Peer 1: 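Would you mind keeping the following structure in view while I ask a few things?
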Amino acid sequence: KTAGKPIRCKAAVARKAGEPLVIEEVLVAPPKSGEVRVRIICSSLCHSDVTFWKLRDPPGYFPRILGHESYGVIESIGEDVHDVTEGDTVVPVFLPDCGECNTCKSPKSNICSKLPFKVGPWMHREETSRFTDLNGETIYHFLFISSFSQYTVLDVAHIVKVDPQIPPDRACLLSCGVSTGVGAALKTADVEAGSTVAIFGLGVIGLAVAEGARLRGAKRIIGVDVNEDKREVGGKFGVTDFVNSRNCGDKPVSQVIMEMTEGGADYCFECVGMASLVHEAFACCRMGWGKTIVVGVDKPGAMLSFTSFEVLHHGKTLMGSLFGNLKPKSDIQMLLKRYMDKELELDKFVTHEGSLEDINKAFELLTEGKSLRCVIWM
Ligand code: CXF
Ligand code: ZN
């Protein structure tokens, strides 16, 4: 029996910004009130892991256990945990869903007001760490998940119980990137059949937007990227037209899309995290009803500016989409059902897999744009 005692296990620890992760043994404390300890079965890499691993300015929190797309089994539960128990299979999610506050109870938003979302270095309620290294030094958490460890502690607001029949290496994809993109198309934009969609950035988020748009029967899906390899990749995800924004001559890419669509796309999605690209996207969404959805995460403080004419007189809408407006506890189940019903295609997102020892290779592949999802078996 391990319940109530610290667990010693392997983890990939980010000791310094941008330096290879170190596979070492760590101690994982038992869960406190409202928390569970989970044995991580597998964890995939999302680009935010890379972003925060590289973060020097402002300095990030190190040593830190990264990882936030995963699947696991509850090993033990803390006090006041009622909805889940030992042995339950779960998908951890960085966005909390407390289920009790006004926003969690409302179908209109997924931004919990009891546990405000932030990129904190601690557990969400009781702001301390559950990880120490073998020298007794504190190790920071990441996005309330830290799944690059064989065991981790999670707040109950950050887990979704899932059917144990679902393959772990597919369920884990719904923790972050794929859900975010599919949700942005299905929920934030609410893309309808026959529409024209333009997607800026064909990483996993952008490709998942394409998958959502395909599910809705979009007629045209235009993908924009600077990486020529994405022409072929996009095709597998239903992208009907590829634009390499490096080959647009002296035309802004928005003008190219305006010409291709005779007046603009119904929905534009920015999936890179570059303010200038949000302007490009907004410029080529259709007058009258065009919607531009910001999904990419730019640096803190990055500004957007629009003239009043562009917004008011042109009848356009600009929306932000955090986790695709999905409500973790209900919508992840909904997406998993669509996967099991063979509608949502998850297999094509997994390009690589490996063990914990391969994690630095996985970081390299993602940084270089050579992988989509790499699943690490813990
Ligand atoms: C992101 C969401 C927006 C802030 C940074 C982290 N989450 C997951 O990748
Ligand atoms: Zn992520």
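Since we're looking at a predicted model, the values are computed, not measured. Along the sequence shown, the residues carry numbers beginning at 1. Order of appearance sets the numbers: ligands from 1, and atoms from 1 within every ligand.
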Peer 1: With the Zn ion (ligand 2) at the centre, find the angle made by NE2 from His68 and SG from Cys176, to 10°.
Peer 2: 110°
Peer 1: Assign the ring pair Tyr140 / Tyr61 to parallel, tilted or perpendicular, where the plane angle (0 to 90°) is split at 30° and 60°.
Peer 2: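 Taking Tyr61 first and then Tyr140, their aromatic rings stand perpendicular (interplane angle over 60°).
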Peer 1: Rounded at 0.5 Å granularity, tell me how far CD in Glu357 sits from CD1 in Ile23.
Peer 2: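 One finds 5.5 Å between CD of Glu357 and CD1 of Ile23.
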Peer 1: Counting only N and O atoms by type, is there a donor-acceptor contact under 3.5 Å from the side chain of Asp225 to the main-chain atoms of Leu202?
Peer 2: yes
Peer 1: For ligand 1, does His68 get within less than 4.0 Å through its side chain, its backbone, both, or neither, judged by non-hydrogen atoms?
Peer 2: side chain
Peer 1: Just verifying a value: how many Å separate Lys161 NZ and Ile332 CD1, rounded to the nearest 0.5 Å?
Peer 2: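 One finds 15.5 Å between NZ of Lys161 and CD1 of Ile332.
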Peer 1: Just to verify, which of Glu192, Lys291, Arg216 counts as forming a side chain to side chain donor-acceptor pair (under 3.5 Å) with Tyr267?
Peer 2: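 The passing option is Glu192.
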Peer 1: With heavy-atom distances below 4.0 Å as the criterion, list the atoms of ligand 1 near Cys176.
Peer 2: 8 (C), 9 (O)
Peer 1: With heavy atoms under 4.0 Å as the rule, classify the contact between Phe323 and ligand 1 as side chain, backbone, both or neither.
Peer 2: neither
Peer 1: Among protein heavy atoms, which lies nearest atom 3 (C) of ligand 1, and at what distance?
Peer 2: Val297 CG2, 3.8 Å
Peer 1: In ligand 1, which numbered atoms sit nearer than 4.0 Å to a non-hydrogen atom of Cys46?
Peer 2: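 With Cys46 as reference, the close atoms of ligand 1 come out as 9 (O).
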Peer 1: Within His47, is some N, O or S atom less than 2.8 Å away from the Zn ion (ligand 2)?
Peer 2: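 No.
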Peer 1: Are Val204 and Leu215 connected in the hydrophobic side-chain network, where two residues link if heavy atoms are under 4.5 Å apart?
Peer 2: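 Linked within one cluster.
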Peer 1: Got the closest protein heavy atom to atom 9 (O) of ligand 1, with its distance?
Peer 2: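 Ranked first by proximity to atom 9 (O) of ligand 1 is Ser48 OG, 2.5 Å.
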